[in-house]
Trainee: 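Let me give you the structure first, and then I'll get to my questions.
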Amino acid sequence: MQLDNFYLEKYDSTIPIHKTVIVELCNDKNSSDFLGDLEYHILEVNKRKEETFELENIIYIAFYNYNPIGFISLTHKSERYEIAYGITPKFRGYHLGSLLFLEFSERIFMEFDKINELTLMISNQNTSSKKTALLAGFDKVSSAKYVQRRKWKNNAKKKM
């Protein structure tokens with residue numbers, strides 16, 4: 001999937017560079033503290049995809065200037081659509097996470113009419129991700145929940 005500044009490839013554990021990104025995040029203390037068990041997350045997203053056959057349950061490896069910088073996923077959980085992400089240590093501090101959120105959420109809203117809200121669940125201690133979410137246009141709903149809502153609902157389609 002091509003975004004303005006990123007290229008996203010569907011995660012495939014048989015592709016070495018994809019696996020390297022996940023292993024790097026799993027081995028990073030900050031990532032593992034805030035992401036939890038990333039390999040379990042991947043298994044759960046894939047399980048949901050198999051059970052529902054929904055396109056919304058997907059994990060991407062994000063590339064910026066041909067460099068793999070991390071991952072981003074979209075998961076349909078009960079009544080919400082949740083984004084999870086991780087930026088590898090080498091690429092942190094450049095606001096790539098907020099730019100990725102912004103471009104990814106715009107694309108999701110364009111492609112999926114039924115999705116009107118995206119959710120981020122962020123640990124209270126993860127101040128960097130909280131700042132990233134706010135920079136990307138997400139609103140703080142509670143101490144751990146941030147949401148971004150479709151700005152134009154279906155008004156753009158009605159005008160056509």
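Computation of the quantities below employed the complete heavy-atom set of this structure, encompassing side-chain atoms and omitting hydrogens, waters and symmetry-equivalent molecules.
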Trainee: At what distance, to the nearest 0.5 angstrom, does CD of E82 lie from CG of L74?
Mentor: 9.5 Å
Trainee: Mind listing the closest non-hydrogen atom pair of Y11 and K19 along with its distance?
Mentor: OH-CD, 3.7 Å
Trainee: Is there side-chain contact between I83 and F138, with at least one heavy-atom pair below 4.5 Å?
Mentor: yes
Trainee: Check D12 against T14 and note the closest heavy-atom contact, atom names and distance.
Mentor: OD1-OG1, 2.6 Å
Trainee: Who pairs with T132 by side-chain hydrogen bond (donor to acceptor under 3.5 Å, both in side chains), at least two apart in sequence or on another chain?
Mentor: none
Trainee: Taking salt bridge (charged side-chain N to carboxylate O under 4.0 Å, His left out) as the test, write out the residues that go with E9, two or more places apart.
Mentor: none
Trainee: Under 3.5 Å, is there a donor on one side chain and an acceptor on the other for N126 and S123?
Mentor: no
Trainee: Output the distance between atom CG (D4) and atom CZ (F104), rounded to the nearest 0.5 Å.
Mentor: 14.0 Å
Trainee: With a 6.0 Å cut-off (strictly less than), is the heavy-atom count around CD of Q2, excluding the residue itself, greater than 12?
Mentor: yes
Trainee: So, using side chain to side chain contact (heavy atoms under 4.5 Å, CB included) as the criterion, who are the partners of F91 when residues are at least two apart?
Mentor: N67, I69, I87, T88, L96
Trainee: According to the salt bridge (charged side-chain N to carboxylate O under 4.0 Å, His left out) rule, which pairs have a member within residues 87-98, sequence neighbours left out?
Mentor: D28-R92
Trainee: Where is the tightest heavy-atom contact between S98 and A136, given as atom of each residue plus distance?
Mentor: O-CB, 3.5 Å
Trainee: Using side chain to side chain contact (heavy atoms under 4.5 Å, CB included) as the criterion, point out the one residue from L8, I72, I22, T20 that pairs with I61.
Mentor: I22
Trainee: The criterion is salt bridge (charged side-chain N to carboxylate O under 4.0 Å, His left out); which residues satisfy it with K131, sequence neighbours excluded?
Mentor: none
Trainee: Restricting to side chain to side chain contact (heavy atoms under 4.5 Å, CB included), what partner residues turn up for L134, sequence neighbours left out?
Mentor: Y146
Trainee: With clusters defined by side-chain heavy atoms of hydrophobic residues (ILVMFWY) lying less than 4.5 Å apart, directly or transitively, does I108 cluster with L102?
Mentor: no
Trainee: Cluster question for you: counting only ILVMFWY and a side-chain heavy-atom cut-off of under 4.5 Å, with indirect links fine, are L135 and Y94 together?
Mentor: no
Trainee: Kindly say whether N124 contributes a backbone atom to a donor-acceptor pair with the side chain of K130 at under 3.5 angstrom?
Mentor: yes
Trainee: Whether the side chain of R150 engages the backbone of I115 through a donor-acceptor N/O pair (distance < 3.5 Å, no angle test) should be reported.
Mentor: yes
Trainee: Do the side chains of E117 and Q148 get nearer than 4.5 Å, heavy atoms only?
Mentor: no
Trainee: Parallel, tilted or perpendicular: which one describes the rings of F101 and Y85, with boundaries at 30° and 60°?
Mentor: perpendicular
Trainee: Just to verify, what does E24 make a salt bridge (charged side-chain N to carboxylate O under 4.0 Å, His left out) with, not counting sequence neighbours?
Mentor: none
Trainee: Can you sort out the partners of K145 under side chain to side chain contact (heavy atoms under 4.5 Å, CB included), two or more places apart, ordered by chain and number?
Mentor: T119, M121, V141, S142, V147
Trainee: Can you find a heavy atom in the side chain of F112 that is under 4.5 Å from one in the side chain of Y81?
Mentor: no
Trainee: How far apart are the closest heavy atoms of I59 and S73, and which atoms are they?
Mentor: CG1-CB, 3.7 Å
Trainee: In chain order, what residues pass the side chain to side chain contact (heavy atoms under 4.5 Å, CB included) check against D139, with sequence neighbours excluded?
Mentor: R149
Trainee: Going by the rule ring-ring contact (aromatic ring centres under 6.0 Å, His included), which residues pair with F63 if we only count those two or more places apart in sequence or in a different chain?
Mentor: none
Trainee: Which atom pair, heavy atoms only, marks the closest approach of N5 to Y64?
Mentor: O-CD1, 3.3 Å
Trainee: Please report the shortest heavy-atom distance between G86 and L25, naming the atom on each side.
Mentor: O-CD1, 3.9 Å
Trainee: Considering residues at least two apart in sequence or located in another chain, which fulfil the salt bridge (charged side-chain N to carboxylate O under 4.0 Å, His left out) criterion with E103?
Mentor: none
Trainee: Hydrophobic side-chain clustering at under 4.5 Å (ILVMFWY, transitive links): who's grouped with V23? Put none if nobody.
Mentor: none
